[in-house]
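Here's the structure, in structure tokens; my notes come after.
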Protein chains: 2
Amino acid sequence: MKIGQATIKDIARELNVSSSTVSRALKDYPGISDETKRKVKELAAKLNYRPNAIALSLRKSRSFTIGVIIPEVVHFFFSTVISGIEEVAYSRGYNVILTQTNEKFDRERSSIETMLSNQIDGFLVSYSKETQEFDHFSNLLDQGYPIVFFDRVPDIPKAINVMVDDYRGSYDAVSHLIRQGYKRIVHLAGPKNLTISKERIRGYKDALTDHGIQVDENLIVECPLGTDDESRKITAEILKSPAQKPDAFFGNNDMAAVGAMMACRDAGLKVPEDVGVVGFSNWQFCSMIEPGLSSVAQPGFQMGAKATEILLDIIEKKLDPEQINEPITLPTELLIRKSSVRTKN
Amino acid sequence: MKIGQATIKDIARELNVSSSTVSRALKDYPGISDETKRKVKELAAKLNYRPNAIALSLRKSRSFTIGVIIPEVVHFFFSTVISGIEEVAYSRGYNVILTQTNEKFDRERSSIETMLSNQIDGFLVSYSKETQEFDHFSNLLDQGYPIVFFDRVPDIPKAINVMVDDYRGSYDAVSHLIRQGYKRIVHLAGPKNLTISKERIRGYKDALTDHGIQVDENLIVECPLGTDDESRKITAEILKSPAQKPDAFFGNNDMAAVGAMMACRDAGLKVPEDVGVVGFSNWQFCSMIEPGLSSVAQPGFQMGAKATEILLDIIEKKLDPEQINEPITLPTELLIRKSSVRTKN
DNA sequence: TTGTACGCGTTATCAG
DNA sequence: CTGATAACGCGTACAA
């Protein structure tokens, strides 16, 4: 079965009119008798006619589909972003085709290829951790292909970037820790090739400096994986070495922060009394654990929505990409929970 | 720009051959001189030729794209499933187009429409909580359209269903609680129109009965939303009424279980000493909270992968849908953590 | 070994 | 008000 999807031609044949007439009747073109319109529409409904979007795409070289390239779907933040993307795309009549790179550079490239084959109208991308050079994006940009980057954004000409204000979020979190009386604050940092990691490190440093605390590079520890296990081990190491004596941990993400909390517990240290902890992303579990984990909330949904709106505006020529010279920055919000609040000092 | 995507014709013109020759050369057809092949391929590479998948779809009435319809992307379990889907689809050369229904029936229907317009090769669906009748699926099935349902599966003819063994998972969880000495076990149930909810209730009841405990319908409480807030309130109510005196909670999902834990804490009850708690889904946070939440793990990734494999096998005629008469069931695993283990008693 | 012609479903254009 | 034709990019039966 399934063969029998009715086409314009079928309707035309049955009604003894030309297919162009049918096409026009269906779209309420001027200059078609009401009589014909009615008949056509009736039959169309009866035959359950459904326009073939593929044929349309071929004709218009537009697919009304946007491609989303994302490192991992199973990631609270990213899934939130996808949700925002899907929401806006749907409401504006676009399809979303999705690929995850699993943080692989090769897969990023091949996904772009297949999407191009599919005449995607534009891209929404957050690049992989492996990605170190951006020619595959630059080429497209040079050809005038619409791309909007989000969260993990490249520093290349013509790129349109949507990101959260990582600097500010980080700055706020660290300032808060300092105000609570914590002094030796470790930053469990992310991969240093990512702009977001760099920005967060910058915010961390500036907050310290602005509060008269000298930056100690030894307290900036990279956690490339960003898992709780990894940071648990790293934190345990730090706590062992008597030289460090940190009294707070600021995680580049919530998993890292949780790992630190667990390591503290393992070492017999109390959070927040002995050690303060703040994370980044505000995953769902932050409010469920005990003590609640303070965290910098990122507006994932809004980010996805915003990026999509911009992309679609560009695709529909409502917006000239040249006009956008600065990254679009979305505000973060520091959510303070127990893990960083000293009842007394 | 972007206009200048090279086509077969461009290559043909430049080489003074016909476009069919180019087409054949590109695909290593027999009966093309090596010389021509070489030239064609060279030029193709040089022009960065990329086959137009849309044209191909039109010709073959196949799009090599599958449509995924899911209630919510921002849901740990579903995002895991999507990941499995994407993985298999990618490895077999298919695109994934994604829509979320936000649990709305209308959106489910309209998504199906647009996907049909896009000549999707098949569907992967988990239906919305609002969905009460299934004609929109039955019609497709009757027309021979390939659909594989997962997790939330309908009870209609010809449907191919992939699900976890909810009954078994529930049975195991409740049996475990009983063995730990808990006796009055409340089940925070899901929406009763969903098969998964029903199955979990069935498992709950059978476990009680098999262990010689009489089922008390009052202890089965529906939590339609499945949020922690909701179940926290509901649990608080239950704990207030002196008649009930429950000593354990089995949640239809982890959020519900966490809500119950919070309510117990609020009421001054200790988990697991006074009250045992088990959840369902094994979300990431289960291992991060204190005490760790015991939970029934659902193999989301495998479910997505399995469903996709079946769908693609059907699409590619490697598998006859008629052959599948029973739901495909994936095993769950009970992960026991502190929240349900009594040190003594 | 290569070329010609047609069709997939739709719509824009030009003629009636 | 309506019809015929061409074109989007590709594959393929048929002819040469």
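In what follows, every chain begins at residue 1, and chains take the letters A, B, ... in the order their sequences are listed.
Under the side-chain hydrogen bond (donor to acceptor under 3.5 Å, both in side chains) criterion, the residue pairs touching residues 43-52 of chain B are A:Glu113-B:Arg50, with sequence neighbours excluded. Screening residues 10-42 of chain B for ring-ring contact (aromatic ring centres under 6.0 Å, His included), with sequence neighbours left out, gives no hits.
In 5' to 3' order, the nucleotides of DNA chain C bounding all contacts with chain A (an atom under 4.0 Å from a heavy atom) are C:dC8 to C:dT13.
Following rounding to the nearest Å, B:Ile32 (CD1) and D:dG11 (P) show an atom-to-atom distance of 13 Å. Atom pair A:Arg13:CZ and D:dG3:C1' shows a separation of 16 Å (rounding to whole Å applied). Here the P atom of nucleotide D:dG3 and the CG atom of A:Asn16 are 9 Å apart, to the nearest Å. For the pair B:Arg62 CZ and D:dG11 P, the computed distance is 14 Å after rounding to whole Å. Atom C1' of nucleotide D:dC8 and atom CG of A:Asn52 are separated by 13 Å, given to the nearest angstrom.
For the pair B:Asp135 and B:Arg109, the salt-bridge criterion is not met [side-chain N within less than 4.0 Å of a carboxylate O].
Here the CD1 atom belonging to A:Ile112 is positioned 4.5 Å from the CD1 atom belonging to A:Ile69, to the nearest 0.5 angstrom. Separation of atoms CG (A:Leu124) and CZ (A:Phe150) is listed at 5.5 Å; rounding is to 0.5 Å.
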Listing time: all N or O pairs from protein to nucleotides 12-15 of chain D that are below 3.5 Å?
unit_1: D:dT12; atom_1: OP2; unit_2: B:Tyr29; atom_2: OH; d: 2.8
unit_1: D:dA13; atom_1: N6; unit_2: B:Arg24; atom_2: NH1; d: 3.4

Donor-acceptor contacts under 3.5 Å from residues 77-86 of chain A side chains, at least two apart:
unit_1: A:Ser79; atom_1: OG; unit_2: A:His75; atom_2: O; d: 3.4
unit_1: A:Ser79; atom_1: OG; unit_2: A:Phe76; atom_2: O; d: 2.9
unit_1: A:Thr80; atom_1: OG1; unit_2: A:Phe76; atom_2: O; d: 2.6
unit_1: A:Thr80; atom_1: OG1; unit_2: A:Phe77; atom_2: O; d: 3.4
unit_1: A:Ser83; atom_1: OG; unit_2: B:Gln100; atom_2: NE2; d: 3.0
unit_1: A:Glu86; atom_1: OE1; unit_2: B:Arg107; atom_2: NH2; d: 2.9

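In this structure, A:Thr21 does not reach the D:dT2 phosphate: none of its side-chain N or O atoms is under 4.0 Å from OP1 or OP2. An OP1 or OP2 oxygen of D:dC8 is reached within less than 4.0 angstrom by a side-chain nitrogen or oxygen of B:Lys9. A sub-4.0 Å separation between OP1 or OP2 of D:dC8 and a side-chain N or O of B:Thr7 is absent.
Between the axis at the start and the axis at the end of the helix from C:dT1-D:dA16 to C:dG16-D:dC1 there is an angle of 50°, using five pairs per end and rounding to 10 degrees.
Nucleic acid contact class of B:Ile8 (heavy atoms, under 4.0 Å, all strands): sugar-phosphate only. Across all strands, A:Thr36 comes closer than 4.0 Å only to sugar-phosphate atoms, never to a base (heavy-atom distances).
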With salt bridge (Lys or Arg N to Asp or Glu O under 4.0 Å) as the criterion, how do A:Arg38 and A:Glu35 come out once you've worked through the C-alpha distance, each side chain's angles and the decisive distance to 0.1 Å?
CA-CA 5 Å; A:Arg38 196 184 48 73; A:Glu35 177 61 10; 3.2 Å; yes
Show your working on salt bridge (Lys or Arg N to Asp or Glu O under 4.0 Å) between A:Lys41 and A:Asp28 and close with a plain yes or no.
CA-CA 10 Å; A:Lys41 287 187 177 175; A:Asp28 277 326; 2.9 Å; yes
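Where B:Asp34 and B:Ala55 meet DNA chain C, the nucleotide closest to each residue was compared, and B:Asp34 sits on the side nearer the 5' end.
The aromatic rings of A:Phe149 and A:Phe137 lie perpendicular to each other, with more than 60° between the two planes, well past the 30° mark.
Across all their heavy atoms, A:Ile324 and A:Ile328 have their closest contact at CG2-CD1, 3.9 Å.
Between A:Tyr127 and A:Phe105, the ring centre distance reaches or exceeds 6.0 Å.
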